[in-house]
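Structure first, then comments.
Each ligand, and each atom within it, is numbered from 1 in the order the structure gives.
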Amino acid sequence: MAWTPRTTEILRAVAAYQLAQQALAAEFAARWAEALAAVEARELAGALTELEAQYTAAVRESAAVSRTLSVAFYRLVRALETGRVIGGPGYRPGASLGSLWADFNRATGKRTGTGPREVLPVDTRNPFPAEDLAREARRAEETFRHQVADRVEKHERERPAREGSAALDDAELVAWEREFLESLKTGSTGAGGMLVQDGGRDAIHAALQDDPGAIGYFRVTDASPCYFCALMAGRGAVYKSRRTAAFGAHPHCHCQAAPIFSRRYQLPSENTKFSRMWRDFGGGSLADWRTYYSTTTKT
Ligand SMILES: [Zn+2]
């Protein structure tokens, strides 16, 4: 008997997965905010080594959780859509919809679904790439250098001139320091949160390419995506090919890729809403869409 995709359950898993990824980025942000808050603005330069250790550890630990979560999500959605289990990390013999939901619930920390204990057929292939710890460490270090160390060093070089300037009073200097800190925090938090979620996004994208059972993905956004992400989500399914392999996440973006394994997939209602908005917009430049989108979503 042909398997009937469990559409409602898939959509529930997709929504829970997006929220869990977003929560990982938020956890990272809170941890990093705490580390930054412990250092006085004028002591940043002397604390870079310590801050780098905290930043890279927070990014890498959360990225590893994101990766585990994404593997559980991918395996669950695949089974709900095709009735078959895929191998790879976390796979256990005798897997059922019940055990896959349990794995997913554990990874998200929430009880989103349950399923029968009937053992499912297995595709033993492992489509998930091996973790590349050296590459991940390098990415986190480069991001820290770019977002924090380089900027702090530049700021330090600018300070003597600022302090020596008779045109600036104390209040202006304080504001200058505060603005710098805010901007440093926003930039490093956005870039770090992206690396965290990329732990999972990259695992899903690599698996899609290497899994003959996968046909593509759709973009699932957070509750208030930017105009670019709304447009991407509104396009619906992206069928896999080398050309479409890039996802296009950006800092402070909580979009995730939800894999598709059959043409009978269903899009979340948000995606349908964005498609409708795009149709009503009637076409035009990206700048025009941006204006249209911001006025439409405000009302
Ligand atoms: Zn986004």
Side-chain angles (χ1 to χ4, degrees), residues 10-30 32 59 62-63 65-67 69-70 73-74 77 108 139-140 143 146-147 183 185-209 216-240 243-260 265-281 284-298:
I10 292 169
L11 287 178
R12 273 217 309 276
V14 166
Y17 169 69
Q18 189 280 322
L19 284 175
Q21 280 274 70
Q22 188 168 347
L24 286 175
E27 273 167 36
F28 160 76
W32 173 233
V59 163
S62 293
V65 178
S66 164
R67 178 187 156 86
L69 164 66
S70 296
F73 169 66
Y74 187 99
V77 168
T108 57
R139 275 181 84 182
T143 303
H146 189 66
Q147 297 288 340
S183 142
K185 187 174 165 183
T186 305
S188 55
T189 302
M194 189 158 108
L195 287 183
V196 165
Q197 296 170 91
D198 279 351
R201 289 180 185 131
D202 292 352
I204 287 193
H205 268 279
L208 281 170
Q209 296 302 326
Y217 70 90
F218 59 81
R219 191 184 197 91
V220 49
T221 70
D222 63 17
S224 54
C226 71
Y227 72 102
F228 171 79
C229 291
L231 177 60
M232 293 295 141
R235 284 182 175 173
V238 178
Y239 295 108
K240 76 178 182 188
R243 201 166 46 79
T244 57
F247 183 67
H250 55 83
H252 307 287
C253 168
H254 305 113
C255 294
Q256 316 300 333
I260 303 171
Y265 66 88
Q266 195 177 316
L267 292 173
S269 58
E270 288 293 296
N271 296 51
T272 320
K273 187 184 87 186
F274 297 136
S275 313
R276 208 179 319 116
M277 279 176 69
W278 174 256
R279 263 202 316 277
D280 294 345
F281 165 60
S285 71
L286 197 57
D288 290 341
W289 162 251
R290 184 179 195 161
T291 309
Y292 179 84
Y293 177 72
S294 66
T295 37
T296 315
T297 44
K298 237 176 264 165

Qualifying salt bridge (charged side-chain N to carboxylate O under 4.0 Å, His left out) pairs with a residue from residues 190-209, counting only residues at least two apart or across chains: R139-D198, R139-D202, D198-R201
Total protein N, O or S atoms, the Zn ion (ligand 1), separation less than 2.8 Å: 3
Counterpart residues, ring-ring contact (aromatic ring centres under 6.0 Å, His included), relative to Y293 (two or more places apart): W289
Which residues share a ring-ring contact (aromatic ring centres under 6.0 Å, His included) with Y265, sequence neighbours left out: none
Enclosure of H146 NE2 (heavy-atom neighbours >12, cutoff 6.0 Å): no
N/O donor-acceptor pair under 3.5 Å between Q197 side chain and S66 backbone: no
Worked check of side-chain hydrogen bond (donor to acceptor under 3.5 Å, both in side chains) between Y227 and T291: CA-CA 9 Å; Y227 72 102; T291 309; over 6 Å; no
